[in-house]
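First comes the structure, then the notes that go with it.
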Amino acid sequence: MASTVKSLIHVRVKERFMRIGELSRRTQIPIRMLRYYEERGLLTPQRAPSGYRHYQEADVEQATLVSSLVRSGLPTRLILPLLRGKQLNPMDGDEPDDGDDGDDDLVALFAAEFARLDSQVKCLSFSRNAVQQHLQRLRATRVRHTPTGT
């Protein structure tokens, strides 16, 4: 009588964590800035029992996005609600809140920020066009004055 022995193999998938130094290297964001993002609630790393911050792969993208928004001039007080809105996923059953719990203030802040950014874009476009036109004139002048060989 042959007995069949089933062996159960338990595979424990070890999650890949990174510490703040690795996140800094991968995102090119200084450690001090990453800590600031955490203080503002823009990054939420897990904490090991030792107190070390543990970041996941998704934090690389989040930190990069936050850094980009900060560099573009968006105040951190607006980045947090922007990130929260980005995380809503109707497929998961998360629906935007239709209640009015101070959202009017947030709408006004975002409207003012949109107007400021729109003004900056117009100003930058004007400056870009002026530089481009001047560069074209310089290049055209240079071509006319280039010696044709000696």
Side-chain angles (χ1 to χ4, degrees), residues 11-150:
V11 178
R12 184 176 172 186
V13 177
K14 186 176 180 182
E15 290 188 55
R16 166 84 165 98
F17 290 112
M18 67 188 95
R19 292 180 54 197
I20 197 166
E22 183 179 346
L23 181 64
S24 175
R25 281 188 298 281
R26 290 188 56 193
T27 60
Q28 299 298 305
I29 300 170
I31 291 173
R32 185 173 177 190
M33 188 61 68
L34 292 170
R35 287 185 181 134
Y36 172 74
Y37 294 164
E38 182 184 352
E39 287 172 17
R40 301 296 295 185
L42 303 171
L43 283 177
T44 53
Q46 296 176 359
R47 290 286 185 152
S50 61
Y52 287 116
R53 293 168 177 87
H54 281 176
Y55 294 94
Q56 297 178 343
E57 196 61 36
D59 293 318
V60 172
E61 183 180 329
Q62 176 112 355
T64 302
L65 174 62
V66 169
S67 178
S68 178
L69 292 169
V70 167
R71 283 193 325 269
S72 73
L74 195 65
T76 56
R77 73 178 184 278
L78 292 182
I79 295 174
L80 187 58
L82 188 73
L83 293 174
R84 287 184 179 156
K86 178 182 178 288
Q87 292 171 350
L88 290 178
N89 185 352
M91 299 302 287
D92 293 336
D94 293 336
E95 296 289 333
D97 186 12
D98 291 333
D100 183 23
D101 53 354
D103 285 345
D104 289 343
D105 292 339
L106 196 55
V107 168
L109 285 172
F110 272 104
E113 185 61 23
F114 182 82
R116 184 188 73 77
L117 289 170
D118 195 46
S119 177
Q120 269 188 315
V121 167
K122 288 176 185 173
C123 185
L124 285 171
S125 293
F126 178 80
S127 297
R128 181 183 181 274
N129 290 339
V131 167
Q132 183 181 33
Q133 288 172 4
H134 189 67
L135 181 59
Q136 287 171 345
R137 283 192 301 270
L138 288 172
R139 286 180 174 157
T141 303
R142 186 179 220 184
V143 168
R144 285 193 300 256
H145 291 92
T146 302
T148 57
T150 333

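For clarity, every value in this text was computed on a predicted model and none was experimentally measured.
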Q | Min side-chain heavy-atom separation Leu34-Arg53 under 4.5 Å | A | no
(Q) Using 0.5 Å steps for rounding, measure from the OG atom of Ser24 to the CZ atom of Arg35. (A) 9.5 Å
Q) Out of curiosity, Ile20 CD1 to Arg32 CZ, how far, rounded to the nearest 0.5 Å? A) 12.5 Å
**Q.** Exam field: side chain Ser67 to backbone Ala63, donor-acceptor pair closer than 3.5 Å
**A.** no
Q: Would you give the length of the straight line joining atom CD of Gln62 to atom CD of Glu57, rounded to the nearest 0.5 angstrom?
A: 13.0 Å
Q | Close side-chain approach of Thr27 and Asp59, heavy atoms under 4.5 Å | A | no
Q | Sub-4.5 Å side-chain heavy-atom contact between Leu138 and Arg142 | A | no
**Q.** Residue pairs, two or more places apart or on separate chains, that pass ring pair (Phe, Tyr, Trp, His ring centres under 6.0 Å) and touch residues 107-142
**A.** none
**Q.** For Arg19, all residues meeting salt bridge (charged side-chain N to carboxylate O under 4.0 Å, His left out), sequence neighbours excluded
**A.** none
Q | Atom of Gln28, atom of Arg25 and distance for their closest heavy-atom approach | A | NE2-O, 2.8 Å
(Q) Would you say CZ of Arg47 has more than 12 non-hydrogen atoms from neighbouring residues, nucleotides or ligands within 6.0 angstrom? (A) yes
Q: Working to the nearest 0.5 Å, report the span between CG of Leu69 and CG of Leu80.
A: 11.5 Å
Q | Tyr37 vs Arg40 side-chain heavy atoms within contact, under 4.5 Å | A | no
Q) Taking atom CD of Gln56 and atom CD of Glu61, what is their separation to the nearest 0.5 Å? A) 13.0 Å
Q: Please confirm whether the backbone N or O of Thr64 pairs with a side-chain atom of Ser68, one donor and one acceptor, at under 3.5 Å?
A: no
Q: Mind checking the CD1-CG spacing from Ile29 to Leu43? Nearest 0.5 Å is all I need.
A: 7.5 Å
Q. Any luck finding a side-chain donor-acceptor pair between Gln133 and Arg137 under 3.5 Å?
A. no
**Q.** Ionic contact status for Arg116 with Glu113, cut-off 4.0 Å
**A.** yes
